[in-house]
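Notes follow once the structure below has been shown.
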Number of protein chains: 2
Amino acid sequence: MEKKLTIRDIAKLSGVSASTVSRVLDDSDRISAETKKSVLEVVNQYGYKPQAAARNLARQKTSAIGIIIPQNDMNIYSSSFFQEALHGVSNSLSQNGYDVLISSGNPTELDAIKRLISTSRIDGIILLRSVVNDASIQYLTESKFPFVLIGTCLENPDVYSVDNDNQRAAYDIAYHMYMTGKRKMAIIGGTKSSVFIQKRLEGYEKLLVEKGLPINQDYIKLENASEDYGYQSMLELLKSPSRPDSVLVMDDSICVGVMKAINESGVKIPEEIAVACFNESSFTKYSRPALTTISLNFYDLGYCAAKTLLSVLNNEPIQKGCRYVDHLLTIRESTVSN
Amino acid sequence: MEKKLTIRDIAKLSGVSASTVSRVLDDSDRISAETKKSVLEVVNQYGYKPQAAARNLARQKTSAIGIIIPQNDMNIYSSSFFQEALHGVSNSLSQNGYDVLISSGNPTELDAIKRLISTSRIDGIILLRSVVNDASIQYLTESKFPFVLIGTCLENPDVYSVDNDNQRAAYDIAYHMYMTGKRKMAIIGGTKSSVFIQKRLEGYEKLLVEKGLPINQDYIKLENASEDYGYQSMLELLKSPSRPDSVLVMDDSICVGVMKAINESGVKIPEEIAVACFNESSFTKYSRPALTTISLNFYDLGYCAAKTLLSVLNNEPIQKGCRYVDHLLTIRESTVSN
DNA sequence: CTTAATTGTGCAACCGGTTGCATAAAGTTA
DNA sequence: TAACTTTATGCAACCGGTTGCACAATTAAG
C-alpha cells in the first residue's frame, strides 16, 4: 500500500488551495469551470478519495447508518429476508455515499444501539421488527434519534416505517381462491396477537364480505404458529361436516403440518382443497404439489426503508407514518389444476 | 439529543487535561491510580464515549472491517449461512471495539472493495468464497490489504482462510453409514471442479479405503448440482444391478430430487437405502423421513475468521494459511430406523 | 544535601478534511 | 475613471480525539 495522498497533496499538484479542492469535490458553484476541470483531472489521475474519518469529523456526521442482525427467531420471515433486505438497504445508501454498519444485538439489541449511537458512529438506524413495542423503539423515540422500522407499521405517526401490506396480501390470495371457484376458505396459523396476523385476517374477511360470503368462525384457526398446530387444525377441518374447499396458511413452516394432514387423509389438492401459504421457501417450491405462495419483496423493503431514512436525515419533507411495498403472488399447482 | 460532551469537557469536569483523559481511557500505565479513578467516575457519570471519527482520524485507523453481502448464487450454502457467519464476525469484532461495515457488491464486488479501501473506511476485509481465484482476491493480495477468506482454503499459504473441513465432514458421514451396516455407498451431486467437492470425495474414498471397501466409479455421480441431476442419478442407481444401500448427497436442494426418485420407486428409507446430505434446511427437517445432515457451523466460521483478521491487524504471530472449524452431524430417520 | 532517575501530567502539534470570512480580480454602472 | 457588485479563491480556524516531548514533583542514589 503506497502512501495515501491528502487533499493538500492534490491542492499542490493542481496549483490551488486545499479549500478549492474540497469545493471542487463538493461541486460547489463558487468554483470556475476551468478550475474544476483541471482539479478533477488531477484527482482522477491519482485516484484521490477523501478520507472518511477526516470528512466525518469535519462535517460532524458519519455518513453511516446501523442495522442490528436479527436473531433467527424472526420465524415469520423466510431466511433470505435479512440478506435481501440488506441488499436493498445497501444499494440505496451507497448511491448516496452512506455506509451500512451492522452489529449483532450483543448482549442485547438495545445495548448494541446505544453503543453505536454513543460513539457517534451512525447518523440513523434501521430496525427489523415483528413486534410493536419494545425497548429499542422506545429508546430511539425518546432520544429522537432518526430511525426507520421495517416489518411493522406503528400506530404512532411520528415513527417512520416500511412494511408489506399484509391486509392486501391476504385479500389478494383470497381473491385468487375465489376466482378459481372456491367459496369455503379457511385460514390457519399464527396468533391474533400479532399485528400482521390481524391485518391478514382483515384482508381475508374483507374479501368474504365483498363477495357476500359468510364469515365462518370455524374456518378461522389462529391460535398458534407451530407445524403441529397446522397439522391438528387441518385434521379438524377435514373431519368437519362442512369441510372447507380452500385454506390460507400464514407461514410455510405451518404449512408443512397442513400438507401432512391433507396427504394422510388422501384428499386431492387442489380439486378438493386448494392450499396457499405465506412465505416462499425450499419447502413451498419443492413440495408436491408445489405451493402457491405470497412472497414479500424483501429487497424493496430494505430499499424503501433506506430511502425513507435518507429523506429524514436530509430533512426533506416526507410523508410520516407507514408506507407499503408490493408483494408477489406466485401461483403454483396447489391452487390451480393443470 | 442533548449536546455531545467532548474529551475537553470531561477534562475540565475532572480537573485534568484532555491528554490525561485520553490516557485514562486507554488505560495507560503512566497515569496514577487516583487520577484514573476520579476521571473514570466523571466519564461514567456523563456516559462519555470518544467520538469514533475523531479517534479514527488521530489514530489513522478505522477500527472497522468490511464484508460484501453475497449474492444468493452461493447455493452451496444454506440460506442462513450469511446471517450466522455475520453474527460470529460481529460478536468477535465488537468485543475488540471494531465495527462491521457491509456493502452489496455493487456494481461488482471488486468495485465495492475498492470503494471501501480508497476512502479508508476499513482496516481489513472478510470475504465469503466458494471459488479459488477471482478478481477480488487477486486485487487484495497484490495491494497487500489485510483480508481473510471464509469458505475456501487457498493453496497460497500467504492468504489467511477459514473453512469447514469438507474432507473430514464427508468422512464422518460415511463413517456413520458404515457403522449402521451400510457397505455400498454412493455419492451424488456437485461437480469435481469445485474444491470443496473434491475434498468431500477424498473423505469418502478415505473411509472406503480404511474399511477395505472397493471404490466403485458407478457410485460416484459428480457432474452437476441441480435437483434434476439428483433425480436422474438416483433413478439410475436404483435401476442398477448393484444398487447402493446408502447415498451421500452434496446439498439439500439436490437431495430433493434424490428423495423424489426414491419415493417414486417405493424403496424403503433407511432399511433399503439410507440417505444423508450436506446442509440443513427446512426441507431436510420437514422431509418424511427427516434427513440426516452434516451442517456446517457458520457462526464459528465467522467468529474464527474475525479473530484471525484481528491477529493480522495487530501483527500478532499467527499460523498462516488455512484453519478449520468443526461441523455437526445431525442423525435423523433417513439413516437410522427407529 | 545535591544530583540523578523515575513518575505523572500538560502543552501543543497533528490527523485530513470543511467552511466562514476576507480579499483580489473581473465586470457593471454612472 | 471612480465606486460598486459579483465572482473566484485562499487563509486560517475548527471538528475531537491522540501522542511526542517538556517539565514539575517525587523518590532514589551518591
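Just so we're clear, the structure is a prediction, and the values are computed from it rather than from any experiment. Numbers restart at 1 for each chain; the letters A, B, ... are given by sequence-line order, proteins then strands.
Pairs of residues two or more places apart, or lying in two chains, never qualify as salt bridge (charged side-chain N to carboxylate O under 4.0 Å, His left out) while including a residue from residues 300-317 of chain A. Residue pairs meeting the salt bridge (charged side-chain N to carboxylate O under 4.0 Å, His left out) criterion with at least one member in residues 46-65 of chain B, sequence neighbours excluded: Asp26(B)-Arg59(B). Applying the salt bridge (charged side-chain N to carboxylate O under 4.0 Å, His left out) test to residues at least two apart or on different chains, the pairs with a partner in residues 91-115 of chain B are Arg121(A)-Asp99(B), Glu109(B)-Arg129(B). Residue pairs meeting the side-chain hydrogen bond (donor to acceptor under 3.5 Å, both in side chains) criterion with at least one member in residues 37-48 of chain B: none, sequence neighbours excluded.
Distances shown here put a side-chain N or O of Thr35(A) below 4.0 Å from the OP1 or OP2 atom of dT9(D). Taking only side-chain nitrogens and oxygens, Thr20(B) comes nearer than 4.0 Å to OP1 or OP2 of dG10(C). Between Arg59(A) and the phosphate of dT18(C), there is a side-chain N or O to OP1/OP2 separation shorter than 4.0 Å. At the phosphate of dT9(C), neither OP1 nor OP2 sits under 4.0 Å from any side-chain N or O atom of Arg23(B). Phosphate proximity of dC14(C) to Gln60(B): absent, as no side-chain N or O sits under 4.0 Å from OP1 or OP2. For Arg55(A), no side-chain nitrogen or oxygen approaches OP1 or OP2 of dG16(C) to under 4.0 Å.
For Lys37(B) and dG8(C), the NZ to P distance is 17 Å, given to the nearest whole Å. Straight-line distance from the CZ atom of Arg30(B) to the P atom of dT6(C): 11 Å, rounded to whole Å. Ile10(B) has its CD1 atom 16 Å from the C1' atom of dT18(D), to the nearest Å. If you take CD of Glu34(A) and P of dT7(D), they are 15 Å apart, rounded to a whole angstrom. Atom P of nucleotide dT19(C) and atom CD1 of Ile7(A) are separated by 11 Å, given to the nearest angstrom. Atom pair Lys12(B):NZ and dC11(C):C1' shows a separation of 15 Å (rounding to whole Å applied). Atom NZ in Lys36(A) sits about 14 Å away from atom P in dT7(D), given to the nearest Å.
Mapping Ser17(B) and Leu25(A) onto DNA chain C via the closest heavy atom, the residue that lands nearer the 5' end is Ser17(B). Residues Asp26(B) and Asp29(A) each lie close to DNA chain D; by heavy-atom proximity, the contact nearer the 5' end of the strand is made by Asp29(A).
Annotation: the terminal axes of the helix from dC1(C)-dG30(D) to dA30(C)-dT1(D) meet at 50°, where each axis is the rotation carrying the C1' atoms of four end pairs onto the next four (5 pairs per end, rounded to 10°).
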Please determine whether salt bridge (charged side-chain N to carboxylate O under 4.0 Å, His left out) holds for the pair Asp9(A) and Lys4(A), giving the CA-CA distance in whole Å, both sets of side-chain angles, and the decisive distance to 0.1 Å.
CA-CA 10 Å; Asp9(A) 296 326; Lys4(A) 273 293 235 174; over 6 Å; no
Would you check, one step at a time, whether the test salt bridge (charged side-chain N to carboxylate O under 4.0 Å, His left out) holds for Asp163(A) with Arg323(A)?
CA-CA 6 Å; Asp163(A) 199 0; Arg323(A) 58 192 55 204; over 6 Å; no
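Using a 4.0 Å heavy-atom criterion, one finds that Ser32(A) contacts the sugar-phosphate atoms exclusively. Counting any heavy atom pair closer than 4.0 Å across all strands shown, Ile31(A) reaches sugar-phosphate atoms only and no base atom. Residue Thr6(A) is classed as a sugar-phosphate contact, given heavy-atom separations below 4.0 Å to backbone atoms only.
Side-chain contact between Ile68(A) and Leu128(A) is absent, with no heavy atoms from C-beta onward closer than 4.5 Å. Within the 4.5 Å cutoff, the side chain of Val159(A) has no heavy atoms near those of the Leu140(A) side chain.
When distances are taken from the side chain of Leu57(B) to each of dT19(C), dC15(C), dT19(D), the shortest belongs to dC15(C). Side-chain proximity of Arg8(A) to dT18(C), dA12(C), dC15(C): nearest is dT18(C).
The base of dC11(D) is paired with the side chain of Ser19(A) by a donor and an acceptor separated by under 3.5 Å.
Within a 6.0 Å sphere centred on NZ of Lys12(B), heavy atoms belonging to other residues, nucleotides or ligands number 12 at most.
Of the residues in residues 41-54 of chain A, not one comes within less than 4.0 Å of DNA chain D through any heavy atom.
Between the side chain of Asn106(A) and the main chain of Asn91(B), no donor-acceptor pair closer than 3.5 Å is present.
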